[in-house]
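Notes follow once the structure below has been shown.
Numbered from 1 within each chain, the chains take letters A, B, ... in sequence-line order. Every heavy atom of this structure was used, including side-chain atoms; hydrogens, water molecules and symmetry mates were not.
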Amino acid sequence: MSQHALHSVGKNTWRSLPCSLSELRLDLTLGCGQTFRWRETGEGHWTGVMGGRVWTLTQNEDTLWYHVYHCHGNPGLINGRKRKTAAGLKGSGKKSKETIAVKEEEKAEMLDTVSSEEDKKEEELLRDYFQLHVKLENLYEEWSSADQHFNHTGNIFRGVRMLRQDPVECLFSFICSSNNHISRIQGMVERLCNTLGTPLCKLDNTHYHDFPSIQTLADSSVEARLRDMGFGYRARFLWRSAHLIMSTLGPDWLYELRSTPYLQARDALRTLPGVGLKVADCVCLMSLDKSEAVPVDTHVWQIAKRDYSCAAGIGKKTLTDKVYQEIGDFFRKIWGSYAGWAQSVLFCADLKKFQKLKEVPDSKR
DNA sequence: TATATACCTGG
DNA sequence: CAGGTATAT
C-alpha cells in the first residue's frame, strides 16, 4: 500500500480549497522550472516540501486538494511549540480507568483546538505559496487584450501561476541553474537537500528533507562536498554566497529584499557570487514579490525575436546587459506590472515536455 | 560598453 | 550544447 497519500483512497485525510483549473494548473505550475522540488508521485498527485512540511497536492475542475504529512519525530511547529499528535495524546492517557472518560474528552477537545489552529496555518501556507489572492484569470484577460500572441498561447496554457517561494531555496537553487538544464538542476537540488537538509519524513522509500539553511551552506566543508556530488564550479558559488550572507550581509538580508524596490533588490542580489542578471531576476520574481521582473534567458530571447519581432540584440551573439534590459523593458511595456507572470506562461508553453498540449483534440478538428 | 573564453557535468 | 557568470581584452 502506498504511503504517499492518494485522494481516491483516504479522503478523510485531505483538505480542500476552491480553485479552478484556469486559476491553477499543478502540472504546469510545478513542472515549468520555477521550482525543482515537486514530483508527480501518482497520477495527478504532486508531492514536495513547502514551509518545512511534506505535502501531496491534487486537483479537479474546481477544487485544489491537499494532504500534509505529520511524520513521527517531525510533528511540525505551532508558534514554536510542538504539535500534539493523536498518538502522543493517547499514549499519555492510559493511567486509570475512572479518569479515562474525562481525560479522553479533554484530549479530544485539545486535539481539536490544536489541529484546527494547525489546519488554518496550513491552509494559509498553501494560499501564500500559490499566491491565490492574485486572480490569474483577470491577468490573462489583460495580457490577452494587449497582446494577440499571448491570447493564442494563454488559451492553451491556462493556470500557469508564479509561486511565492522561500528566498533561500530560490536563490541557491537558481545559482545551480546557470548554464544548465532542468533535469540536472532537479538532481542537484535533490542531492543538496538530501545531504544537507533536515530530514522530514520517509514515504515509500523516498526520504524528504527540508532545504538546507544558509548557515549550513556556509560551512567550510560545503564546497568540497558539493564538488564531490557533481555540482562542478557552482559548488564554489553556492558556498561563497552562503558565506557572504552569513559573515557580512546577515541572515535576514534576503528576506528584507521583499520590501525593497525591484531594481534595488536585483542589484543587491548581483553582489553575490554566481548571481548575474538572470538568476537575480528569477529570485526577484519567484521569491521576492517582484512581479515585474522578467528573467531573460536564451529561450526568452528567442521568443522575443520569433513571436514578437523584438529588435533588441538582433544580430548579436550573446546577451549583453544592455540587450537583457531592453528585452525586459519590451515585455513590461506590453504586459505591465505583472510581466514576469506573463513571461512564465510563454516560457512554459515553449518547453519540450509540454508540446503535446498544443495538439488540437480530435473533437475540435 | 561589447565580445570571447573558461568553467563542471551529462544527455 | 544546455534556462549563465566572471574575467580578461
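- Summarising the local packing, CD of A:Gln302 is surrounded by more than 12 heavy atoms from other residues, nucleotides or ligands at distances under 6.0 Å.
- Comparing C:dG4, B:dA4, C:dG3 by their nearest atom to the side chain of A:Ile182 picks out C:dG3.
- Residue A:Thr318 is out of contact with every strand shown, counting any heavy-atom pair closer than 4.0 Å.
- Salt bridge annotation for A:Arg332-A:Glu292: absent, with no cationic side-chain nitrogen under 4.0 angstrom from a carboxylate oxygen.
- For A:Lys316 and B:dT3, the shortest distance from a side-chain N or O to OP1 or OP2 is below 4.0 Å.
- Distance, A:Gln186 CD to C:dA2 P: 19 Å, rounded to whole Å.
- Distance A:Gln302 CD to C:dC1 C1': 14 Å, rounded to the nearest Å.
- When all heavy atoms of A:Tyr69 and A:Trp55 are compared, the pair lying nearest together is CE1-C, 3.9 Å.
- For C:dG4, its base never sits under 3.5 Å from the side chain of A:Tyr324 at any donor and acceptor pair.
- Nearest heavy-atom pair, A:Pro273 versus A:Leu244, reported as atom, atom and distance to 0.1 Å: CD-CD2, 4.1 Å.
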side-chain hydrogen bond (donor to acceptor under 3.5 Å, both in side chains) between A:His4 and A:Thr56, intermediate numbers included | CA-CA 7 Å; A:His4 282 95; A:Thr56 297; 5.7 Å; no
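- Closest to the A:Met286 side chain, of the nucleotides C:dG3, C:dT5, C:dA2, is C:dG3.
- Atom name P, nucleotides C:dA8 and B:dC8: the rounded distance is 15 Å, in whole Å.
- With a 6.0 Å cutoff to the six-membered ring centre and a 45° limit on the axis angle, A:Lys305 counts as a cation-pi contact of A:Trp301.
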Distances for protein N/O vs nucleotides 9-11 of chain B N/O pairs under 3.5 angstrom?
| residue | atom | partner | partner atom | Å |
| --- | --- | --- | --- | --- |
| B:dT9 | O4' | A:Arg184 | NH2 | 3.0 |
| B:dT9 | O2 | A:Arg184 | NH1 | 3.1 |

What protein N or O atoms touch nucleotides 6-9 of chain C N or O atoms at under 3.5 angstrom, if any, and at what distances?
| residue | atom | partner | partner atom | Å |
| --- | --- | --- | --- | --- |
| C:dA6 | OP1 | A:Gly274 | N | 2.9 |

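- The interatomic distance linking A:Glu223 (CD) with B:dC7 (P) rounds to 15 Å, in whole Å.
- Within 4.0 Å (heavy atoms only), A:Leu277 reaches sugar-phosphate atoms of the nucleic acid but no base atom.
- Shown here is A:Gln215, whose CD atom has no more than 12 heavy atoms of other residues, nucleotides or ligands within 6.0 Å.
- Exactly one residue among A:Phe157, A:Tyr338, A:Phe150 makes a ring-ring contact (aromatic ring centres under 6.0 Å, His included) with A:Trp143. That residue is A:Phe150.
- The residues A:Arg15 and A:Glu122 are annotated as not salt-bridged, no charged nitrogen and carboxylate oxygen being separated by less than 4.0 angstrom.
- Between the C1' atoms of C:dC1 and B:dT5, the separation comes to 15 Å (whole Å).
- Ring orientation note: the planes of A:His209 and A:His207 are tilted relative to one another, at an angle of 30° to 60°.
- In this structure, A:His299 atom NE2 and C:dC1 atom P are separated by 15 Å, rounded to whole Å.
- Taken to the nearest 0.5 Å, the CG atom of A:Asp147 stands 11.5 Å off from the NE2 atom of A:His152.
- Between the CG atom of A:Leu171 and the C1' atom of C:dG4 there is a distance of 14 Å, rounded to whole Å.
- Distance CG (A:Asp281) to P (C:dG4): 13 Å, rounded to an integer number of Å.
- As rounded to whole Å, 14 Å separates atom C1' of B:dT3 from atom NZ of A:Lys322.
- Note on A:Cys32: a base of the nucleic acid sits closer than 4.0 angstrom, heavy atoms only.
- Listed by first residue number, the stems of DNA chain B with at least three Watson-Crick or G-U pairs below 3.5 Å are B:2-7 with C:4-9.
- Nearest heavy-atom pair, A:Cys32 versus A:Phe347, reported as atom, atom and distance to 0.1 Å: O-CE2, 3.6 Å.
- The same atom, C1', is picked in B:dG11 and in C:dT5; the two are 22 Å apart, to the nearest Å.
- Distance A:Leu319 CG to C:dC1 P: 19 Å, rounded to the nearest Å.
- We find that A:Glu23 and A:Lys135 are not joined by a salt bridge, their nearest charged nitrogen and carboxylate oxygen being 4.0 Å or further apart.
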